[in-house]
> 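My questions all concern the structure below.
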Amino acid sequence: MAGLFEHPLGLLGDVDTAFPFISKLTSDAPGALVNGLIGSGAAAIVVLGALFVAILLTVFRGWRSLWFDWLTSVDHKRIGIMYIVLAIVMMARAIIEAGVMRGQQMVGLNGGFLEADHYAQLFTTHGTIMLFFVVMPFLSGLINYIVPLQIGARDVAFPRLNLIGLWLVAAGAMMVMISLVIGEFSTGGWFGYPPYTETIFNPGVGVDYWIWSLTLSSIGSTLTAVNIIATVFKLRAPGMKLYHMPLFTWTALGAGVIMLFAMPPLTVVTAQLALDRYLDFHFFTNGMGGNPMNFANMFWIFGHPEVYILILPAYGVYSEVFSTYSGKALFGYKSMVWASMSIAFLSFLVWVHHFFTMGQSGHINAVFGIASMLIGIPTGVKVYDWLLTMFRGRIRFTTPMVYGIGFIFLFVLGGITGIMLANPTLDYQVHNTVFLVAHFHNMAVPGVLFGMLAGFNYWFPKAFGFRLNEFWGRTSAWCWIIGWTTAFFPLYVLGLMGLPRRSVSFTEPSYVPFTVVAFIGWVIVFAAVVTLLIQLWVSFKQRNENRVPIGDPWDGRSMEWATPSPPPEYNFAVIPTINNLDQFMACKEAGVAYVNPNSYEDIHLPKNSAMGPVIGVAAFFVFFGLTWQIWWLVILTLLICIGAMILRGFERDETKVIPAAEVKAQHEAWIQAALDARAVTRAEENTSANVGLAALEQASPSASSATVGATA
């Protein structure tokens, strides 16, 4: 240990370790120059991208607004938006990495252009980013923004904790991004199995980057879970029973419960691996009292419930989308609730199917195979309920519906392959082939990412006050559907032909045509990302003619549509009374959707807090210091974290007051604008005539009861 203190920058004192891709540029080894160019190019993009953002903020004088309006804000809506921005930035990197891997596979016959370790880093970072820093922040963002609005709350239960959770996840993302510039990331896969990730086999900093980025993400997600559960159970509006909650809120609650129980095992197992690496513990060392299978069990006790953390909120999005754009109440609401909660429960009973090939007895495999198949039942219930919701509905093929219908077709096919893999005998044959890669992506992309993108398009007008461009939205949706199908369906065939997963190259010529088709699919997926960015740019340019300030552009059913777009910081001028499901639709049917309350009160909201950025940045440097063994940095930044928490305990001036007169003026101006506006039909909803007041056009009577509460 004494040698570790000889250099003030720890392991960063070794230039070859700190900047390995630059050293490759001068190497004479075959392929080193190409890999060095790819690595240093990626590092340059990260650095130049950060500089570009800093220059823009300086030129447009945005630093003050960024700090006070966003980075320190405890408003659940702004925190939700920041989560989604983080997800989109990280998705761009993950998609590019996928393209490099697909390119390598396309030319991988007897070689290719990537070194084996570089390829292993790519599939490790791709999986880690997509799971922990794309879909997790995306769903956290949607949940943060929408759930308090749907239940009639002013904010989440613990606003400052919410901000800290965001910053911890962002710190984990920064750990992954800085590994492009300084050092290398892990080559051990997103699952990090020992003994390969133990120091004796993997002595570099890559595994440490992986450990600490996941630790930050898992702690942040655990804080989010606490907030979701407390918000739903304690802050629902008066009169709102559990069966009055929209499906998205139910699925958010289910995901929160899973997170609360699934994230701690991940935190514990990464901590144990860190103790093995840093202090020569032997939790996972055979012959030293350890067992690597303990890691596999702990990791997948988190890992498979994680799949349903991701998919349940997407189910909730699809439920909202299918109902709204079919002009009907959701079919089989209670069966959908029970199906969602059944999936949440069953998700903890199937983790062993991830290692059917690792040697446990046939009896254990059979039990977990049956449990895995059982999840298909509540999932099937949901699919039939969605189909029956659309049956005889007045369907509008908007961008969210394109994602939704694409999801149903692709997800059902993926679900069938999931039932196949739940059979241990079949799984034994294809588990280590790209067949499993195709199946998992069938769940993760149409199931989760399509759902997040559908929700993004569906709720964007609520968050920003103007509609997204429909042409570019549909173009992006179709590119996602066609590109994904083209990229991954060939992998089913390749898996059955025997192509191993995680292989940098192969020797079988018959694989080549399918790898070429898969690369073409990635090109279309990349076009989907580009058109998504174009959609955002065009929509911003056209925002004035597409504004929807009244707040209900789609003839919505639940309470988030009963507010202006964007909603005020306090959400509701007066906390609503909610007496039934689809409360806002019931109010519209009764003609009392836009009425003034009898009185207003001062509204107390939490003030901005620097706790989030201080703890997030300090935590980043704590774990960066641990990764590079810069011990003075670890101690200093850990003290900053502790000091910030102590100082927070002495803070007393925690709230700000919005006077009743200000609330009244804003609310009555909005009500008057709604009364003056012309309600538009669904045929006009994508025209400039739509200012956020949709005409009441339902395909069948609303499921709402006759009892109507005040929405103002």
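Fair warning: this is a prediction, and the values are worked out from it, not measured in the lab.
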> Take N291 and F283 through the test side-chain contact (heavy atoms from CB on, under 4.5 Å) and record every step on the way to the result.
CA-CA 6 Å; N291 185 347; F283 286 110; over 6 Å; no
> Do F440 and F435 make a side-chain contact, defined as non-hydrogen atoms from C-beta onward lying under 4.5 Å apart?
no
> Heavy-atom distance under 4.5 Å between the side chains of F191 and T128, does that happen here?
no
> Side-chain contact, heavy-atom cut-off 4.5 Å: M91 with L449?
yes
> Can you see whether Q535 engages N457 through a side-chain donor-acceptor pair at a distance of less than 3.5 angstrom?
yes
> Take I615 and W167, measure what side-chain contact (heavy atoms from CB on, under 4.5 Å) needs, and give me the verdict at the end.
CA-CA 8 Å; I615 288 183; W167 272 94; over 6 Å; no
> Could you walk me through whether F506 and Y511 pass the ring pair (Phe, Tyr, Trp, His ring centres under 6.0 Å) test, one step at a time?
CA-CA 8 Å; F506 50 86; Y511 296 159; 5.4 Å; yes
> Below 30° counts as parallel, above 60° as perpendicular, anything between as tilted: where do the rings of H304 and H353 land?
perpendicular
> Quick one, M611 and V614 - any side-chain contact, counting heavy atoms below 4.5 Å?
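A side-chain contact is absent here, since even the closest heavy-atom pair is not under 4.5 Å.
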> Y278 and T199: side-chain donor and acceptor closer than 3.5 Å?
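Checked: Y278/T199 side chains show no N/O donor-acceptor pair below 3.5 Å.
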> Could R102 and F488 be counted as a cation-pi pair, given that NZ or CZ must be under 6.0 Å from the ring centre and within 45° of the axis?
yes
> Under 3.5 Å, is there a donor on one side chain and an acceptor on the other for T215 and T270?
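A donor-acceptor contact under 3.5 Å links the two side chains.
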> Is any side-chain heavy atom of T222 closer than 4.5 Å to a side-chain heavy atom of M259?
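No - every pair of side-chain heavy atoms lies 4.5 Å or more apart.
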> For F302 and F299, I'd like to know if the aromatic rings sit close, meaning centre-to-centre distance below 6.0 Å.
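Yes, the ring centres sit under 6.0 Å apart.
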> Going by atom types alone, do H118 and N35 pair a side-chain donor with an acceptor below 3.5 Å?
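The answer is yes; a qualifying pair exists.
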> Could you report the tightest heavy-atom contact between W300 and P305, atom names first, then the distance?
O-CD, 3.6 Å
> Could you walk me through whether S217 and S221 pass the side-chain contact (heavy atoms from CB on, under 4.5 Å) test, one step at a time?
CA-CA 6 Å; S217 173; S221 297; 4.2 Å; yes
> Restricting to side chain to side chain contact (heavy atoms under 4.5 Å, CB included), what partner residues turn up for F123, sequence neighbours left out?
M101, Y119, A120, R502
> Atom CZ of residue position F526 - does it have more than 12 heavy atoms of other residues, nucleotides or ligands inside 6.0 Å?
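No, not enclosed.
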> Applying the side-chain contact (heavy atoms from CB on, under 4.5 Å) criterion to D208, which one of L273, T197, T627 satisfies it?
T627
> When you compare the side chain of M82 with that of I79, does any pair of heavy atoms fall below 4.5 Å?
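Sidechains of M82 and I79: in contact.
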> Just jot down the side chain to side chain contact (heavy atoms under 4.5 Å, CB included) partners of F368, sequence neighbours excluded, or say none.
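Counting only residues at least two positions away or on another chain, F368 forms a side chain to side chain contact (heavy atoms under 4.5 Å, CB included) with W351, V352, F356, I364.
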> Side chains of S218 and T267: is there a donor and an acceptor less than 3.5 Å apart?
yes
> Do W631 and L626 touch side chain to side chain, with heavy atoms closer than 4.5 Å?
yes
> Sub-3.5 Å donor-acceptor pair from the side chain of S179 to the main-chain atoms of E184, do we have one?
no
> Is there a side-chain contact between M174 and F624, using heavy atoms and a 4.5 Å cut-off?
no
> Q360 and F355: which non-hydrogen atoms are nearest, and at how many Å?
NE2-O, 2.7 Å
> Could you check, using the six-membered ring where one of them is a Trp, whether F407 and F450 have ring centers closer than 6.0 angstrom?
no
> So, F248 versus W459, ring centres under 6.0 angstrom or not?
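Ring centroids of F248 and W459 are less than 6.0 Å from each other.
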> Between R93 and H126, does any side-chain donor sit less than 3.5 Å from a side-chain acceptor?
no
> Over all heavy atoms of both residues, which pair between V169 and G220 is shortest? Give the atoms and the distance, please.
CG2-CA, 4.1 Å
> Over 60° means perpendicular and under 30° means parallel, so tell me whether F348 and F261 are parallel, tilted or perpendicular.
perpendicular
> My understanding is that only one of Q104, Q121, K24 makes a side-chain hydrogen bond (donor to acceptor under 3.5 Å, both in side chains) with E115; could you say which?
K24
> Take L453 and L532 through the test side-chain contact (heavy atoms from CB on, under 4.5 Å) and record every step on the way to the result.
CA-CA 10 Å; L453 291 170; L532 175 64; 4.1 Å; yes
> Do the ring centers of F295 and F284 come within less than 6.0 Å of each other?
yes
